[in-house]
Amino acid sequence: PLLMDTDGDSLSDKFEHESRSRDALRSDYFFSVGPRNGCVFDDDEVVKCWGDQQHGMLEVPVLNRVLDLDVGWLAACVAPGDGKKAQCWGDGWGASHDSLANVSIVSVGDRNSCVYNGLQVRCNSPNSSIEQVPFFGSEIVDLQGGANHVCALESNGKVTCWGGSSSGQTEIPTDKVFTKIAVGPYSTCGVTEDSQMICAGGLSSGGANNLWQPPEISNVTSFDISSDSGCVNDKGEVDCWGNYVQSNGSAALQPIVPLSPTAIVGVGLTFACALDGAQLSCWGYDEGDRGYLKPPGDARFGDKDGDGL
């Protein structure tokens, strides 16, 4: 018989309960795309990264467990579990985080990194307004960092942003219930419970009120934004938009392979990637042949526990 798969990550609850590196209540195929790099945690229980080889971004430390993963500007971090602090690599500002123990969520922005341990959020940044973390009334389920601001999604659907707001990027509505958020350097977008996408802020090159208009949506599985573009998976229809798309051809950031409704998308500076079941693919423009479009060929996803899910 088929076994329960509560988090929908194709690994049975039984298998995940028995594994030291799996959680039956949340997907364990962590996947993140930053401006110049991407990283993924696969069936081998290893974090594998690709993209720009400079700045130590491919020098991933040995990790025994992963609870969360985020890639930012020239830095990446994981929440390693086992009561430990966040582990980071790269030479960007975000790699300098050495903070709370028992970290479960990590966020890496352009010049900031934040962690959450189930009790509090702590941030590290040269911008003092980011380190002044506000009070939250409920559990944090997601953290996202931009260039000079950070946003948190609470379990009650409230989004709270703090830090710099030169383009209005922290002015996300407080009277809406959100289910997902994504943060660019100077912008913030969220999907509401009634399937609206609401954005605040501006493009990296244009300032306030120069924000691209996202497409109309109905049932978003995942979405992501970067400095000048974004992609959304809406019931298996992946649509990308933004300044990069407009200036480099309408199909520049459109997927090169069909994607399912459950595919997770991530957006970099000039490229995008998707983790779709056992398939990891990237498309767009590989600036300077840095390897943006070359995810690791040995990354394995699928049915590690052999239960047919």
Minimal non-hydrogen separation, Val115 against Ala86, with atom names: CG1-CB, 3.8 Å
From Asn102 atom CG to Lys84 atom NZ, the distance as rounded to the nearest 0.5 Å: 12.0 Å
Check: Gly291 main-chain N/O paired with Asp286 side-chain donor or acceptor under 3.5 Å: yes
Minimal non-hydrogen separation, Pro80 against Lys85, with atom names: CG-O, 3.1 Å
Polar side-chain atom of Trp89 near backbone of Met57 as donor-acceptor pair, under 3.5 Å: yes
Polar contact flag, side-chain donor to acceptor under 3.5 angstrom, Ser129-Asn127: yes
Side-chain donor-acceptor pair present, Ser260, Asp276, cut-off under 3.5 Å: yes
Asn112 side chain to Gly146 backbone, donor-acceptor under 3.5 Å: yes
Rounded distance [0.5 Å steps], CG in Leu143 versus CD1 in Ile181: 7.5 Å
Heavy-atom donor-acceptor pair, Asp239 side chain to Val232 backbone, under 3.5 Å: no
Minimal non-hydrogen separation, Asn117 against Ala101, with atom names: CB-O, 3.3 Å
From CD (Gln144) to SG (Cys189), nearest 0.5 Å: 11.0 Å
side-chain contact (heavy atoms from CB on, under 4.5 Å) assessment of Lys235 paired with Ser218: CA-CA 8 Å; Lys235 295 189 299 186; Ser218 60; 3.2 Å; yes
Derivation of the side-chain contact (heavy atoms from CB on, under 4.5 Å) call for Gln120 and Leu100: CA-CA 9 Å; Gln120 62 175 308; Leu100 300 174; 3.6 Å; yes
Between Ser113 and Asn124: side-chain donor-acceptor atoms closer than 3.5 Å: no
Under 3.5 Å donor-acceptor, Gln169 side chain and Ser167 backbone: yes
Closest approach of Leu58 to Asn37 (non-hydrogen atoms, all atoms of both residues): CD2-ND2, 3.9 Å
Donor-acceptor under 3.5 Å (Asn219 side chain, Asp234 main chain): no
Heavy-atom neighbours of Gln196 CD exceed 12 at 6.0 Å: yes
Tyr285 OH to Phe271 CZ distance, which is reported to the nearest 0.5 Å: 13.5 Å
Donor-acceptor contact present, side-chain Ser222 to main-chain Ala263, <3.5 Å: yes
Val191/Ile217 under side-chain contact (heavy atoms from CB on, under 4.5 Å): CA gap, chis, key distance, verdict: CA-CA 9 Å; Val191 174; Ile217 57 175; 4.0 Å; yes
Candidate pair Cys151 and Trp162, rule side-chain contact (heavy atoms from CB on, under 4.5 Å), full reasoning: CA-CA 7 Å; Cys151 294; Trp162 67 98; 5.8 Å; no
Shortest non-hydrogen separation from Lys294 to Trp50 and the atoms involved: O-CB, 3.4 Å
Approximate separation, where rounding is to 0.5 Å, of Glu193 CD and Phe178 CZ: 10.0 Å
Taking every non-hydrogen atom, the tightest pair across Phe41 and Leu69: N-CD2, 4.2 Å
Side-chain H-bond candidate by donor/acceptor type, Thr188 with His149, under 3.5 Å: yes
Point-to-point distance, once rounded to the nearest 0.5 Å, from CD of Glu139 to CD of Glu154: 10.0 Å
